[in-house]
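Have a look at the structure below before the remarks.
Just so it is clear, the structure is predicted and the values come from calculations on it, not from any experiment.
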Amino acid sequence: YGNPHSETGIFSLHMRGSNARDFAPHWLDDVTSEHYFFGFPQSSQIFGYNAYCWDEQQVVLDEIRENFAAFKEKGNTQLDILAGGSQGGKVAIERSLAQTVPVRGFITVIPSVQDVAAFETLIKTAPIDLRGCIITGDKDPFYENTVQLVKLLEEHRIPCKLITIKGLGHFIPNNFSEMLVEAVGFVAN
């Protein structure tokens with residue numbers, strides 16, 4: 001989706017229990033479609049009817065690498081960002097830190113950060129020029145862990161902007177595509 005001639009690529013992983021087709025519209029509007037080139041990989045791991053997840057780690061690694069290579073063939077991006085929502089957001093942070101694919105950083109919305117300590121090893125070995133942005137709500141069940149993760153990233157000199165929406169639970173905000181422009185600006189800086 002979007003502009004295949006854009007220098008900025010956003011490769012975004014859908015939420016657990018969702019699919020790429022239903023997830024993509026949250027990221028797209030006239031502005032984002034004009035300025036960025038998007039890839040929305042579809043997990044093969046079945047969660048339910050027309051619903052998928054990112055549970056099996058080796059499958060996740062293989063699918064991200066394979067789909068990212070196809071994404072790069074279709075666009076001419078110079079600055080790539082791994083992104084995602086909920087479980088896809090958590091995976092995007094992990095895979096960015098591990099540099100599973102070469103990206104500048106990550107942008108996530110309501111990431112399902114369950115265990116902050118699980119990120120420590122990845123953070124210690126992450127590239128020093130990595131940057132991130134997390135968009136979440138203060139009523140999200142993962143909010144406190146997300147705040148702790150942002151502090152841990154910053155303690156290890158990985159800049160991470162936290163955008164907190166007052167009153168928002170575990171949902172993608174209605175004006176998310178507008179926030180995406182701010183997030184890309186931070187990661188690209």
Side-chain angles (χ1 to χ4, degrees), residues 1-2 6-18 20 22-40 54 77 79-98 103-116 118-120 122-123 126-189:
Y1 295 92
S6 174
E7 290 188 6
T8 304
I10 300 173
F11 191 72
S12 186
L13 310 175
H14 61 77
M15 300 168 70
R16 186 172 206 262
S18 183
D22 293 341
F23 183 65
H26 294 287
W27 298 74
L28 304 169
D29 66 13
D30 291 342
V31 172
T32 60
S33 295
E34 180 182 331
H35 289 90
Y36 313 126
F37 183 54
F38 291 90
F40 296 98
W54 304 100
T77 56
L79 182 133
D80 292 306
I81 299 168
L82 194 54
S86 192
Q87 184 189 39
K90 178 184 83 75
V91 171
I93 297 168
E94 293 168 343
R95 297 301 96 216
S96 294
L97 293 169
V103 294
R104 174 71 172 105
F106 59 86
I107 295 172
T108 65
V109 59
I110 56 169
S112 58
V113 177
Q114 297 170 355
D115 181 10
V116 177
F119 288 88
E120 284 195 56
L122 290 171
I123 289 171
I128 57 170
D129 62 344
L130 194 71
R131 297 175 67 84
C133 183
I134 298 175
I135 300 166
T136 191
D138 64 354
K139 301 297 182 195
D140 185 282
F142 304 105
Y143 179 70
E144 293 304 323
N145 287 353
T146 300
V147 170
Q148 289 177 22
L149 176 60
V150 169
K151 287 178 184 172
L152 185 63
L153 288 163
E154 291 179 342
E155 285 171 7
H156 287 86
R157 295 184 172 93
I158 299 173
C160 186
K161 181 174 190 161
L162 178 63
I163 299 173
T164 302
I165 298 141
K166 200 167 189 73
L168 182 71
H170 198 68
F171 302 99
I172 296 175
N174 292 334
N175 61 339
F176 173 68
S177 61
E178 295 169 18
M179 294 176 195
L180 183 58
V181 175
E182 179 182 348
V184 169
F186 181 82
V187 173
N189 182 7

Can a donor-acceptor pair be found, under 3.5 Å and without considering hydrogens, that links the side chain of [X] to the backbone of [Y]?
X	Y	result
Asn145	Gln114	yes
Thr8	Tyr36	no
Thr32	Trp27	yes
Trp54	Gly89	no

Who pairs with Glu178 by salt bridge (Lys or Arg N to Asp or Glu O under 4.0 Å), at least two apart in sequence or on another chain?
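In terms of salt bridge (Lys or Arg N to Asp or Glu O under 4.0 Å), with neighbours along the sequence ignored, Glu178 is linked to no residue.
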
Return the set of residues passing salt bridge (Lys or Arg N to Asp or Glu O under 4.0 Å) with Arg131 (not counting sequence neighbours), or none when no residue passes.
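With neighbours one apart ignored, the set is empty.
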
Would you check if [X] and [Y] make a side-chain contact, meaning some heavy-atom pair closer than 4.5 Å?
X	Y	answer
Met15	Phe23	yes
Arg157	Ile128	no
Leu152	His156	yes
Ile165	Met179	yes
Phe176	Ile135	yes

Greater than 12 external heavy atoms within 6.0 Å of Phe186's CZ:
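Counting neighbours around CZ of Phe186, more than 12 heavy atoms of other residues, nucleotides or ligands fall under 6.0 Å, so yes.
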
Taking all heavy atoms of [X] and all of [Y], pick out the closest pair and write down the distance.
X	Y	result
Ala92	Leu82	O-CD2, 3.6 Å
Thr108	Pro111	OG1-CG, 3.5 Å
Ile158	Leu130	CG2-O, 3.6 Å
Cys133	Ile163	SG-CD1, 3.8 Å
Ile110	Gly169	CG2-O, 3.9 Å
Phe37	Gly2	CD1-C, 4.4 Å

Looking at [atom1] of [X] and [atom2] of [Y], how far apart are the two atoms once the value is rounded to the nearest 0.5 Å?
X	Y	atom1	atom2	answer
Leu149	Glu144	CG	CD	13.0 Å
His14	His26	NE2	NE2	12.5 Å
Phe11	Phe38	CZ	CZ	13.0 Å
Phe142	Gln87	CZ	CD	9.5 Å
Ile93	Leu153	CD1	CG	7.0 Å
Tyr143	Ile134	OH	CD1	11.0 Å

Name the residue from Val109, Asn175, Ile10 that meets the side chain to side chain contact (heavy atoms under 4.5 Å, CB included) definition with Leu180.
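Among Val109, Asn175, Ile10, the one that satisfies the side chain to side chain contact (heavy atoms under 4.5 Å, CB included) with Leu180 is Ile10.
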
Could you verify whether a donor N or O on one side chain and an acceptor N or O on the other, from Ser86 and His170, lie under 3.5 Å apart?
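Looking only at side-chain atoms, His170 and Ser86 do form a donor-acceptor pair, the distance falling under 3.5 Å.
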
Stepwise, does the side-chain contact (heavy atoms from CB on, under 4.5 Å) test hold for Ile81 with Val103?
CA-CA 5 Å; Ile81 299 168; Val103 294; 5.8 Å; no

Apply side-chain contact (heavy atoms from CB on, under 4.5 Å) to Asp30 and Glu34, showing your working.
CA-CA 6 Å; Asp30 291 342; Glu34 180 182 331; over 6 Å; no

Between Arg95 and Leu13, is a side-chain contact (heavy atoms from CB on, under 4.5 Å) present by the stated rule, with each step listed?
CA-CA 11 Å; Arg95 297 301 96 216; Leu13 310 175; 5.7 Å; no

Working note: Glu94 + Phe106, criterion side-chain contact (heavy atoms from CB on, under 4.5 Å); need CA distance, chi angles, decisive distance, verdict.
CA-CA 9 Å; Glu94 293 168 343; Phe106 59 86; over 6 Å; no

